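Order of the sequence lines sets the chain letters (A, B, ...), proteins ahead of strands, with each chain counted from 1. Fair warning: this is a prediction, and the values are worked out from it, not measured in the lab. When reading the values below, keep in mind they use all heavy atoms of this one structure, side chains included, and skip hydrogens, waters and symmetry mates.
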2 protein chains.
Amino acid sequence: MTRKVTIRDLAEAAGVSVTTVSQILNGKGERFSLDTRRRVHQLQEELGYVPDFNARNLIMKSAQTIGVLVPNLGNPFFSMFIRGVQEASREQHFIPLIFGANHDEKLESYYVEELIKRAVDGLIIASASITAEAIDNILKKNGIPYLLIDQNGGPSLDRIRIDDERGGQLAAEHLLSLGHRKIAVVMPEHPTDNLVIRLAGFKERLAESGVMLPDSAVVISPMTKLGGYQATAGVMTQKPTAVFAINDETALGLMRGLHEQGLNVPTDISVMGYDDIDLDEYVVPKLSSIRQPVVTMGQQATTLLINRIQDQRQAAQLVDLPVELRQRESTGPVK
Amino acid sequence: MTRKVTIRDLAEAAGVSVTTVSQILNGKGERFSLDTRRRVHQLQEELGYVPDFNARNLIMKSAQTIGVLVPNLGNPFFSMFIRGVQEASREQHFIPLIFGANHDEKLESYYVEELIKRAVDGLIIASASITAEAIDNILKKNGIPYLLIDQNGGPSLDRIRIDDERGGQLAAEHLLSLGHRKIAVVMPEHPTDNLVIRLAGFKERLAESGVMLPDSAVVISPMTKLGGYQATAGVMTQKPTAVFAINDETALGLMRGLHEQGLNVPTDISVMGYDDIDLDEYVVPKLSSIRQPVVTMGQQATTLLINRIQDQRQAAQLVDLPVELRQRESTGPVK
DNA sequence: TTTTTTCTTGTAAGCCTTTTCGAAACATGA
DNA sequence: TCATGTTTCGAAAAGGCTTACAAGAAAAAA
């Protein structure tokens with residue numbers, strides 16, 4: 001490979017100064033004669049000149065880059081989220097740096113630090129393990145704008161708010177309408193804000209109909225397929241007619257567990273998920289769920305963040321996103 | 001936020017030159033007195049000095065970054081692959097830039113270009129749409145090392161080779177051993193090299209037992225859940241006793257389709273997948289599959305690439321990875 | 001004491017780009 | 001002829017870092 005072509009080479013070849021080249025190539029070259037502009041562009045093609053990324057960033061103080069931290073890339077919910085992020089990033093000529101932290105606090109800290117070192121312009125954090133305060137601390141100190149997902153009450157300036165309370169209510173209404181009165185819930189040990197709110201909405205709506213959800217009916221288990229599977233025993237001791245799994249992954253694991261125990265969904269027990277991942281349509285029985293507009297969430301989060309990056313002093317932005325019930329086959333009338 | 005602390009500030013505070021600071025902070029400071037070294041380190045802490053990433057890269061001509069292109073982040077197979085990539089990257093202090101191209105050729109080209117602009121040190125491409133030649137062309141011109149996944153016969157120097165032929169054979173053997181003789185296959189329209197080899201192994205082993213697989217028994221459909229679902233009709237017209245879906249995603253879609261047609265898996269028809277994604281253990285019935293060590297693949301691919309980056313002139317590297325049968329519930333004896 | 005060696009540190013060039021501030025060159029109007 | 005305006009372009013600084021090379025001081029050798 002030959003040495004890299006620099007702006008200097010190009011300037012020399014075109015018989016102009018580096019200033020001229022730089023200006024023209026950056027769309028600020030109206031002041032130059034058409035002839036010069038054409039010549040520069042043509043020679044760029046010929047020589048295959050590509051501005052050096054690092055040199056440019058050094059001056060510009062921005063690499064047009066955002067960091068994105070999700071708990072688990074394997075969860076379709078987050079891969080959909082990422083998809084939204086990538087779409088919006090592309091439109092704005094940003095590049096997302098994506099990391100799955102696998103629910104590991106050490107890893108999260110490592111990535112956040114690494115991203116700061118690498119001078120990302122902003123951060124989207126959809127990860128539960130680090131506390132919001134710790135994040136706020138380190139990022140604010142570094143002057144890096146950020147957005148927290150799944151932390152409706154967090155300290156970040158801009159917010160994208162999903163109506164989790166309504167989501168919980170919808171789930172409750174649906175189960176109530178099918179006649180369920182004895183209901184269990186599967187939740188993780190350290191729920192993020194949105195999950196707490198989700199559960200609150202659920203309980204609240206239940207209570208309105210005179211159905212109490214005792215603490216004992218809330219089975220604690222990790223938010224993964226395995227976690228759902230492992231929660232099976234805990235759920236069964238409650239002998240509920242319906243279970244509300246806090247997300248679809250968990251629901252999928254739980255359904256497998258119930259199946260192994262010889263229970264039929266939904267005739268013996270109804271299962272309600274949350275997130276509306278694409279898999280819901282394929283499993284047997286199809287999983288009833290609450291839909292979150294997750295691709296939109298990714299897009300909006302990205303847009304909000306980039307807006308913030310481009311104008312740090314603008315007013316706080318707020319986006320509200322709706323949820324809706326997706327009734328499928330895993331929920332049915334109580335016997 | 002206060003202005004960023006530069007190496008100059010730190011040098012001044014410590015009463016030494018920037019050279020001293022630079023050398024000490026980069027582990028090349030044995031020549032300096034212990035006293036000086038301690039002072040510098042301490043003041044770094046106190047002032048919170050972080051070397052400017054771009055300035056450093058400008059000199060070093062490397063951002064310790066690799067690009068990773070996968071067809072679809074939503075497929076657990078690739079999210080596992082990514083996981084391996086991230087693990088290995090972390091160990092080597094590299095950062096992967098990850099992109100899902102959604103099987104879109106335009107998108108792939110866009111990302112490859114963007115990654116070149118951003119001066120990544122190397123590329124891992126596990127994406128089917130761009131031809132291997134096109135990739136080789138553009139990357140070789142830019143002197144960027146790369147590694148192709150799912151392209152066993154590709155032009156890239158280093159290779160990580162999965163024994164897809166054996167994988168196909170294993171699938172065939174398994175179905176044969178259960179007594180199946182009438183078998184269908186679901187494949188995508190433009191299969192990558194590894195898929196072609198996989199099918200060849202499958203056919204070959206079948207042929208050895210005197211079972212022919214006519215072209216008409218190969219149903220063409222995209223490698224997604226939806227693709228598998230849509231292939232159902234095509235499969236059923238063959239009236240096979242077993243189906244080999246070219247990957248698990250496809251198999252999942254197909255199983256849903258078969259279920260809707262009132263067929264029971266495996267008593268009416270056996271379904272065999274490929275990839276051994278985690279979901280296989282959760283669906284009902286559990287999906288029989290061929291396991292590829294995908295996390296290892298991601299790790300090895302990353303390691304190989306980084307080795308290559310660090311020594312462009314070393315001999316070609318080759319890693320062979322095994323496959324194995326994972327018999328589960330979706331395959332059973334022929335009636 | 002003088003010379004040589006060993007420790008310890010600093011000077012300055014260079015990486016490649018963007019951008020500020022002018023300055024030639026030329027035409028125009030008085 | 002001179003002042004003024006317009007068009008077109010360039011010199012040079014700045015950005016923060018690494019590193020080849022030089023050099024001063026102290027210790028050892030002569």
Practice problem: Please work out which residues in residues 24-35 of chain B have a non-hydrogen atom less than 4.0 Å from an atom of DNA chain C and list them by number. | Solution: B:R31, B:F32, B:S33
Side chains of [Y] and [X]: any donor to acceptor distance under 3.5 Å?
{"X": "A:D121", "Y": "A:T65", "answer": "no"}
{"X": "A:N72", "Y": "B:R83", "answer": "no"}
{"X": "B:D158", "Y": "B:Y146", "answer": "no"}

Exercise. State which residue, out of A:D320, A:D150, A:D193, fulfils the salt bridge (Lys or Arg N to Asp or Glu O under 4.0 Å) condition with A:R161.
Key: A:D320
Exercise. Please tell me which of A:T20 and B:V50 maps to the more 5' nucleotide of DNA chain D, matching each residue to the nucleotide holding its nearest heavy atom.
Key: A:T20
Self-check item: Comparing A:T36 and A:V18 on DNA chain D - which has the more 5′ nearest nucleotide
Solution: A:T36
Quiz item: Considering the options A:E46, A:R39, A:E45, which one meets the side-chain hydrogen bond (donor to acceptor under 3.5 Å, both in side chains) requirement together with A:Q42?
Solution: A:E46
Self-check item: Polar side-chain contact A:T19-D:dA11 base: donor and acceptor under 3.5 Å
Solution: yes
Quiz item: Can you tell which of B:L10, B:V21, B:I7 makes a side chain to side chain contact (heavy atoms under 4.5 Å, CB included) with B:Q44?
Solution: B:L10
Exercise. Verify the neighbour count for atom CD of A:Q312: are there more than 12 heavy atoms of other residues, nucleotides or ligands below 6.0 Å?
Key: yes
In this structure, how many angstroms lie between the [atom2] atom of [N] and the [atom1] atom of [X], rounded?
{"X": "A:L58", "N": "C:dG14", "atom1": "CG", "atom2": "C1'", "answer": "13 Å"}
{"X": "A:I59", "N": "D:dG16", "atom1": "CD1", "atom2": "P", "answer": "10 Å"}
{"X": "A:F53", "N": "C:dT18", "atom1": "CZ", "atom2": "P", "answer": "12 Å"}
{"X": "B:N54", "N": "D:dA14", "atom1": "CG", "atom2": "C1'", "answer": "15 Å"}
{"X": "A:R8", "N": "D:dA12", "atom1": "CZ", "atom2": "C1'", "answer": "11 Å"}
{"X": "A:E12", "N": "D:dG10", "atom1": "CD", "atom2": "P", "answer": "12 Å"}
{"X": "B:K117", "N": "C:dC16", "atom1": "NZ", "atom2": "C1'", "answer": "18 Å"}
{"X": "B:D52", "N": "D:dG16", "atom1": "CG", "atom2": "C1'", "answer": "6 Å"}

Quiz item: Would you say a side-chain N or O of B:R56 is under 4.0 Å from OP1 or OP2 of D:dT18?
Solution: yes
Quiz item: If you check every side-chain atom of B:S17, which of C:dT19, C:dT11, D:dG16 has the closest atom?
Solution: C:dT11
Exercise. Would you kindly compare B:K61 and B:R39 by the position of their nearest DNA chain C nucleotide and give the one closer to the 5′ end?
Key: B:R39
Quiz item: What is the nucleic acid contact for A:Y49, judged by heavy atoms within less than 4.0 Å: base, sugar-phosphate only, or nothing?
Solution: sugar-phosphate
